[in-house]
Amino acid sequence: MAPPKIVILTGAGISRESGLHTFRDPDGIWARHRIEDVATPEAFARTPALVQGFYNARRAQLRDPAIRPNAAHEALAELDARWPGELLLVTQNVDDLHDRAGSRRLIHMHGELAKARCLRCEGVSPAPGDLTPASTCPDCDAAGSLRPHVVWFGEMPLEMERIGQALEGCDLFVSIGTSGAVYPAAGFVREVRHRADTLELNLEPSEGSHLFDEARHGPATQLVPAFVRDMLARWA
Ligand code: APR
């Protein structure tokens with residue numbers, strides 16, 4: 001029997017134990033910033049320096065040596081390396097912890113903090129530290145044209161066609177560390193639940209917990225390694 005085709009969705013909760021704040025927990029990012037001030041195209045048009053500053057501060061955190069992939073990121077990277085069948089990790093996170101842990105079959109559907117996108121040529125390149133009006137696009141040399149390569153509210157997530165294809169054919173859908181508050185990611189479980197097994201691994205019940213065949217609650221650094229160990233013991 002072929003190994004199950006797996007799609008894994010992660011959210012900010014998987015990076016919480018690495019020291020990065022989530023969004024909607026009491027100490028979350030949206031407790032300190034308003035989405036309409038820092039995470040919409042309108043906000044960027046209205047106050048570009050404020051928006052750039054918000055993302056520059058979060059990007060600087062990723063360069064802090066104390067912020068590293070945790071056991072959950074590492075377990076998913078091991079699954080990626082050893083899983084004998086189809087597997088796709090779709091993250092809502094814009095941090096680079098899955099990349100640094102070694103996950104390869106990975107899509108950042110909300111973009112990546114470490115990258116910048118040119119408003120002129122649409123080119124995506126590594127962000128040169130802080131983004132300022134002096135930042136120049138390495139592809140078209142336009143100055144002051146770089147925005148964070150992060151998907152803002154009201155914008156289309158990235159690679160939705162590839163994600164839709166993976167969801168269409170998956171046998172197992174696992175949601176890790178997400179509140180299920182933001183679509184289209186929050187709708188993935190509804191798309192697959194009539195034909196795939198569905199599992200939620202989260203610190204506490206999310207808005208969509210009732211939609212999953214099984215929901216395990218606890219820290220990702222405990223739940224995810226145990227899940228990966230079990231899957232590899234059975235199939236690899
Ligand atoms: N282990 C597992 N889950 C955790 C942990 C942990 N240590 N700590 C927190 N969580 C869970 C919380 O219980 C919550 O359900 O992670 C979830 C985080 O939810 P949100 O803060 O809403 O983050 P997320 O679901 O990733 O948000 C989705 O919203 O603001 C936008 O673009 C942003 O990608 C983000 C999207």
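One-based numbering, in listed order, for ligands and for the atoms of each. Everything quoted here is computed from the prediction, not taken from an experiment.
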Asker: Is it true that Asp27 and Arg16 make a salt bridge, defined as a side-chain N closer than 4.0 Å to a carboxylate O?
Answerer: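 A salt bridge is present here (some side-chain N lies under 4.0 Å from a carboxylate O).
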Asker: Please identify each residue that fulfils salt bridge (charged side-chain N to carboxylate O under 4.0 Å, His left out) with Arg46, with sequence neighbours left out.
Answerer: none
Asker: Treating Thr22 as the side-chain partner and Gly28 as the backbone partner, does any N or O pair qualify as donor plus acceptor under 3.5 Å?
Answerer: no
Asker: What distance do Ser209 atom OG and Glu200 atom CD have between them, rounded to the nearest 0.5 Å?
Answerer: 3.5 Å
Asker: Treating Ile, Leu, Val, Met, Phe, Trp and Tyr as nodes and any side-chain heavy-atom pair under 4.5 angstrom as an edge, say whether Val150 and Leu119 lie in one connected cluster.
Answerer: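 Shared cluster, yes.
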Asker: Establish, from distance only, whether the side-chain atoms of Asp141 and Thr136 form a donor-acceptor pair under 3.5 Å.
Answerer: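 Looking only at side-chain atoms, Thr136 and Asp141 do not form any donor-acceptor pair under 3.5 Å.
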Asker: Near ligand 1, which protein residues have a heavy atom under 4.0 Å away?
Answerer: Gly11, Ala12, Gly13, Arg16, Glu17, Thr22, Phe23, Arg24, Asp25, Trp30, Gln92, His110, Phe153, Gly177, Thr178, Ser179, Val182, Asn202, Leu203, Glu204, Gly218, Pro219, Ala220
